[in-house]
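Position 1 is the first residue of the sequence, and the numbers go up from there.
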Amino acid sequence: MGNTEKFEMIANIYDTPERIQIAKVSSDAIREYLIDAKSKKAIDFGCGTGLVGMNLLNEFNSMLFLDTSPSMIDQIKQKISDLNIRNADTLCFDFEKEDLSDLRADYIFMAQVLLHINDVEFVLSRLFDVLNEGGHLLIVDFDKNENIVSDIVHNGFHQDELTDKMTKIGYKNIQSKTFYTGSKIFMGQDASMFVLDSQK
């Protein structure tokens, strides 16, 4: 996945108060869309240090923390061990490079991950394959922001364009909304974030 090297370097200093706060509002936004999830398997895709997934652990039967950065995975392993968490596992894996045919989940969520992915449609179709029938993919990311010019991340997304892409892949019952606006939260710029729920 994009920018793995960058995340390798900042893994041990990643959990800043600002990131913890954004993770909290993101996990609260995701929680609104969970239905009977207590018996379900979830994947925190592009989990980083697990800030969002850790907030949602009690909502699911089990959770897999998945990321391309070994150092990020080390951080989440440490948290799982320190807190003696029994319903979580980790996997260091790159969906853009490898195929993982036996992975399945009822819920996949990705918070501020899509903006780092080069081939958005390819990864979204891979995740579609991983979802069990009727399963949900939840995306939290930034609304399109023309003030941001970057060659390492997308400058956010138009919700309707993302919905169109996902509909072509086969996702259905797609709904999205902007749920948070913050000061200097996206590469030093004021920005808004959306949550999108979709179903296989």
Side-chain angles (χ1 to χ4, degrees), residues 1 19-68 76 87-91 93 95 100 103-117 120-144 154 156-182 185-186 191-200:
M1 205 151 63
R19 287 201 177 101
I20 290 166
Q21 164 61 17
I22 291 288
K24 183 182 180 327
V25 297
S26 298
S27 49
D28 287 349
I30 289 167
R31 191 177 284 113
E32 277 184 43
Y33 292 94
L34 304 182
I35 305 154
D36 298 332
K38 288 271 194 263
S39 62
K40 303 288 197 326
K41 288 171 64 171
I43 295 175
D44 182 349
F45 182 77
C47 63
T49 61
L51 288 177
V52 173
M54 292 298 265
N55 286 338
L56 294 167
L57 262 178
N58 295 335
E59 309 293 334
F60 297 102
N61 180 49
S62 66
M63 187 175 300
L64 179 67
F65 290 92
L66 188 151
D67 203 279
T68 56
I76 187 70
N87 67 332
D89 212 342
T90 61
L91 179 65
F93 183 79
F95 256 92
L100 200 62
L103 193 64
R104 289 289 173 271
D106 304 298
Y107 278 89
I108 301 172
F109 54 88
M110 51 197 306
Q112 291 170 280
V113 175
L114 206 58
L115 76 161
H116 296 284
I117 290 174
V120 167
E121 284 170 55
F122 175 71
V123 169
L124 290 175
S125 57
R126 275 279 170 91
L127 294 176
F128 186 82
D129 295 339
V130 170
L131 278 175
N132 288 324
E133 206 59 46
H136 289 258
L137 172 65
L138 284 142
I139 298 171
V140 171
D141 222 312
F142 291 108
D143 286 308
K144 193 75 160 171
H154 300 284
F157 301 93
H158 288 298
Q159 295 174 41
D160 51 354
E161 287 178 10
L162 191 54
T163 297
D164 289 346
K165 277 189 180 134
M166 293 177 73
T167 303
K168 285 195 187 99
I169 293 166
Y171 290 96
K172 54 185 193 274
N173 303 333
I174 302 171
Q175 49 185 331
S176 68
K177 66 177 182 186
T178 298
F179 70 95
Y180 184 78
T181 303
I185 55 171
F186 187 9
S192 61
M193 295 168 68
F194 67 88
V195 58
L196 180 148
D197 174 42
S198 61
Q199 207 170 1
K200 178 166 176 174

Sequence-distant partners of N173, side-chain hydrogen bond (donor to acceptor under 3.5 Å, both in side chains), two or more places apart: Q199
Atom pair NZ (K200) and CD1 (I108), whose distance is rounded to the nearest 0.5 Å: 9.0 Å
side-chain contact (heavy atoms from CB on, under 4.5 Å) partner of L137, the single match among L196, L124, I43: L124
Side chain H136, main chain L34, donor-acceptor under 3.5 Å: no
Non-neighbouring partners of N55 that pass side-chain hydrogen bond (donor to acceptor under 3.5 Å, both in side chains), sequence neighbours left out: S27
K165: salt bridge (charged side-chain N to carboxylate O under 4.0 Å, His left out) partners, not counting sequence neighbours: none
Ring pair (Phe, Tyr, Trp, His ring centres under 6.0 Å) involving F194 - partner list, sequence neighbours excluded: none
Whether over 12 other heavy atoms sit under 6.0 Å from K41 NZ: no
Atom CG of N58: over 12 foreign heavy atoms under 6.0 Å: no
Rounded distance [0.5 Å steps], NZ in K40 versus CG in N61: 10.0 Å
For N87 against L57, the heavy-atom pair lying closest together: ND2-O, 3.3 Å
Closest heavy-atom pair and its distance - G50, F65: CA-CE2, 3.9 Å
Nearest-0.5 Å distance that lies between atom CZ in F186 and atom CE in M193: 10.0 Å
R31: partners by salt bridge (charged side-chain N to carboxylate O under 4.0 Å, His left out), with sequence neighbours left out: D28, E59
Residue pair L127 / M110: nearest heavy atoms and the distance that separates them: CD1-SD, 3.8 Å
Partner residues of Y180 under the ring pair (Phe, Tyr, Trp, His ring centres under 6.0 Å) criterion, sequence neighbours left out: none
side-chain hydrogen bond (donor to acceptor under 3.5 Å, both in side chains) against Q21, all qualifying residues, sequence neighbours excluded: none
Any residue meeting side-chain hydrogen bond (donor to acceptor under 3.5 Å, both in side chains) with S176, in chain and number order, not counting sequence neighbours: Q159
For T181, side chain to side chain contact (heavy atoms under 4.5 Å, CB included) partners two or more places apart: S192
With D129 via side chain to side chain contact (heavy atoms under 4.5 Å, CB included) - residues at least two apart: none
Atom pair CD1 (I30) and CG (L138), whose distance is rounded to the nearest 0.5 Å: 6.0 Å
Residues that A42 engages under side chain to side chain contact (heavy atoms under 4.5 Å, CB included), provided they are two or more places apart: F60, M63, Y107, F109
Atom of I76, atom of T49 and distance for their closest heavy-atom approach: CD1-O, 3.5 Å
Shortest non-hydrogen separation from A111 to V52 and the atoms involved: CB-CG2, 3.8 Å
D197 side chain vs Q175 backbone, donor-acceptor pair below 3.5 Å: no
Gap between atom CG of D44 and atom CG of L56 - 0.5 Å precision: 8.0 Å
Inter-residue atom distance S125.OG - I169.CD1, 0.5 Å rounding: 5.0 Å
Nearest heavy atoms of F179 and V25, plus distance in Å: CE1-O, 3.4 Å
With sequence neighbours excluded, residues passing side chain to side chain contact (heavy atoms under 4.5 Å, CB included) with N132: R104, D106
